[in-house]
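Since the structure comes first, as structure tokens, the remarks are kept for the end.
Residue numbers start from 1 in every chain, and the chains themselves are labelled A, B, ... in the order their sequence lines are given, proteins ahead of strands. Treat the numbers as computed from the prediction; the structure is a model and nothing was measured.
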Amino acid sequence: MSKKPSLPKGTRDFGPEQMFKRNFIIETIKKVFEKYGFMPLETPAMENLSVLTGKYGDEGDQLLFRILNSGDFLSKTQPADFEEGTKSLVPKISEKGLKYDLTVPFARYVVMNRNDITFPFKRYQIQPVWRADKPQKGRYREFFQCDADIVGTDSLVCEAELLAMVQEVYKCFAFDAYSISISNRKILEGIAEVCGAKEEFSRFCVILDKLDKIGKEKVFDELALLGLNKQSLHRLDQILALSGNNVEKLDALLSLLNESEIGQKGIAETRETLDNLSLLGFLTDKVLVDFTLARGLSYYTGMIYEVKPTTIKMGTITAGGRYDNLTGVFGLEGISGVGISFGIDRIYDTLEELNLFPQAKARYSKLLIVSFDDAAQKHSLNLLSKLRAAGISAELYPEPAKLKKQLGYADKKGIPYVLLVGSEEMKNLQYTLKYMETGNQDSFSIEDVIKHLLEETN
RNA sequence: GUGGUUGUAGUUCAGUUGGUUAGAACGCCUGAUUGUGGUUCAGGAGGUCGUGGGUUCGAGUCCCAUCUUCCACCCCA
């Protein structure tokens, strides 16, 4: 008859235990965002497909979840539409899709509200997004993005502030085993230029990005296939071999890229970002200039950065960069933006693996009232409201079940105190307060119970 | 999208070359204990073996399809 229920592929439930931890992460990040002057924004789960399509490349378009039009959506189609195939049919039966990321809806919002927004506009947004991807571990069809962006200025102060926020957030988690890699698209373009790979820039980057995954030799093999000559590969080898601290590396790179104007610009931007960060009072030793960083280059145009844990096997937990002309596709030119995205799921896994979640205090009720019979239940309702009025989270077992059951409930739910209410207690207005951990118990008036618990909390 | 992998009780897993009534641990329920949880002891419930076909006298076991899980690529958070 009834089938076992199931979840769509690549989606998850978050149980209470997980939600406490997720909320802890989200609340912490939110507080830091707000401390830096970012304001909250939410956009709908669905957008018109005209907003979404064409923004993420051909592959991205295929990963969009499309929503069928309401009603008899086939009535507006012709047999010819079917014959022409999916591409022709889809626009006629689907006008909306689930959002794929937070950046494009944000750009849409900025354009629609350009007259009311005070620029530079700093917003943060924490919402689920959907991708019709093939799920794997740490990769889902529904997942949360946690973004903060600044639009309407190209000041490199913004980059520094975002990097400062990264460090503040992880400090709040007491998590220190990470490193921030930074680079600049312009540096990469400069490297590609002096290596004669300017025409094949994006493929050049994709290959370069695999460096720590497949090793230098294979990367060089692939680059040779791409058409780089020996001289170019030698130059690249020199660049990759640069060592020393960030300043030394950037200085050395400057001379190696002296033929590339854009490369020089990228180096200058990187320097300024690092300067700004240290002026903000942050150590830059967590920040590592890495010329091979080549993520998200389809949209980033300036500084790019990526955060990874150093002591455990885990992918990128935070990433971001600058994208010029964010709103250009929606007809508003000349608005530059820079943003950062925290990967909540991976941060969760990291904190879990390193055992960094704080011991949960008072996550559940502080006290459970256990009543012996119906009369005690009624009597307990008044006690319950007194406890709650005093700010103590308390609950009453909703039926006068056997004590074993009620106490077992408190035990499993981790409720530290139990208040027993029976005929004896009601007669004297002295209630039995039991401390579950030790099993000790004593009699108190309700006022003393409240007093006791409030002292305990402080 | 390409290639591989997984699925047996609420959970983690056994289950012989295809052969009676599919097991264990933990969890759950009941009792020992009608005013006291965790520990202990006794008992109990719980499975269309992912789903649908097929081969066979006979399928958890073999074959096909499909869904799901995980992994590698592509890409990405």
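- Residue contacts for A:Lys210: at a heavy-atom cut-off of 4.0 Å it reaches the sugar-phosphate backbone alone, with no base atom in range.
- You'll find that the side chain of A:Gln136 is closest to B:C71, out of B:G31, B:C71, B:C76.
- Comparing B:U30, B:U36, B:G35 against the side chain of A:Glu425 picks out B:G35 as the nearest.
- With distances taken from any side-chain atom of A:Lys134 to the nucleotides B:G38, B:U2, B:C71, the minimum falls on B:U2.
- Closest approach of A:Gly10 and A:Pro135 over heavy atoms only: CA-CG, 3.8 Å.
- With B:U36, B:C76, B:G3 as the choices, the nucleotide that has an atom nearest any side-chain atom of A:Gln441 turns out to be B:U36.
- Residue contacts for A:Gly320: at a heavy-atom cut-off of 4.0 Å it reaches no nucleic acid atom on any strand shown.
- RNA chain B is contacted by both A:Tyr409 and A:Gln62; A:Gln62 maps to the nucleotide lying nearer its 5′ end (nearest heavy atom per residue).
- Taking the six-membered ring for Trp and thresholds of 30 and 60 degrees, A:Tyr397 and A:Tyr409 have ring planes more than 60 degrees apart, a perpendicular arrangement.
- Residue contacts for A:Arg131: at a heavy-atom cut-off of 4.0 Å it reaches a base atom on one of the strands shown.
- As a whole-Å value, the separation of A:Lys405 NZ from B:U33 C1' is 16 Å.
- Put simply, CD1 on A:Ile191 and CZ on A:Phe201 are 9.0 Å apart, with the number rounded to the nearest 0.5 Å.
- Judged by a 6.0 Å distance limit and a 45° cone about the ring axis, A:Arg131 is not positioned over the six-membered ring of A:Tyr56.
- If you take CG of A:Leu367 and C1' of B:G37, they are 15 Å apart, rounded to a whole angstrom.
- In this structure B:U39 sits in no base pair that meets the Watson-Crick or G-U test at under 3.5 Å.
- Mapping A:Tyr435 and A:Pro8 onto RNA chain B via the closest heavy atom, the residue that lands nearer the 5' end is A:Tyr435.
- The side chain of A:Leu420 lies closest to B:G35 when the candidates are B:G31, B:G35, B:G37.
- When distances are taken from the side chain of A:Glu424 to each of B:U30, B:G35, B:G37, the shortest belongs to B:G35.
- A:Tyr140 comes within contact range of at least one nucleobase, with a heavy-atom separation under 4.0 Å.
- Taking the C1' atom of each, B:G27 and B:U34 are spaced 27 Å apart, rounded to whole Å.
- Using a 4.0 Å heavy-atom cutoff across all strands shown, A:Lys434 reaches at least one base atom of the nucleic acid.
- Of the P atoms belonging to B:A24 and B:G43, the separation is 13 Å, rounded to the nearest Å.
- For the C1' atom pair drawn from B:G37 and B:A45, the interatomic distance equals 23 Å after rounding to whole Å.
- Rounded to the nearest Å, the gap between the P atom of B:U68 and that of B:U51 is 15 Å.
- The nucleotide whose nearest atom lies closest to any side-chain atom of A:Lys9 is, among B:A77, B:C74, B:U68, B:U68.
- Comparing B:C26 with B:U21, their C1' atoms are spaced 25 Å from each other, to the whole Å.
- Under a cutoff of 6.0 Å and an axis angle of 45°, A:Lys216 and A:Phe220 form a cation-pi pair.
- Computed from coordinates, the A:Ile25 CD1 to B:A77 C1' distance equals 14 Å when rounded to whole Å.
- If you take atom C1' in B:A25 and the same atom in B:A9, they sit 12 Å apart, rounded to whole Å.
- By the stacking rule of 5.5 Å between ring centres and under 30° between planes, A:Phe143 stacks on the base of B:A77.
- For A:Ser423, the side-chain atoms get nearest to B:G35 when compared with the rest of B:G35, B:A77, B:G37.
- A straight line from CG of A:Asp147 to C1' of B:C76 spans 14 Å, rounded to a whole angstrom.
- Not a single donor-acceptor pair, N or O on each side, falls under 3.5 Å between the base of B:U36 and the side chain of A:Lys404.
- Among the nucleotides B:C29, B:U36, B:A77, the one closest to the side chain of A:Lys412 is B:C29.
- If you measure from atom CG of A:Leu407 to atom P of B:U39, you get 14 Å, rounded to the nearest angstrom.
- Look at B:A25: its Watson-Crick or wobble partner, with both distances under 3.5 angstrom, is B:U11.
- In this structure, A:Lys366 fails the cation-pi test against A:Tyr417, since its NZ or CZ atom is not both closer than 6.0 Å to the six-membered ring centre and inside 45 degrees of the ring normal.
- When the C1' atom is compared between B:U69 and B:U12, the two are found 15 Å apart, to the nearest whole Å.
- A:Arg322 is listed as a side-chain neighbour of A:Cys158, based on a closest heavy-atom distance under 4.5 Å.
- B:C13 sits 15 Å from B:G47 when the C1' atoms are compared, rounded to a whole Å.
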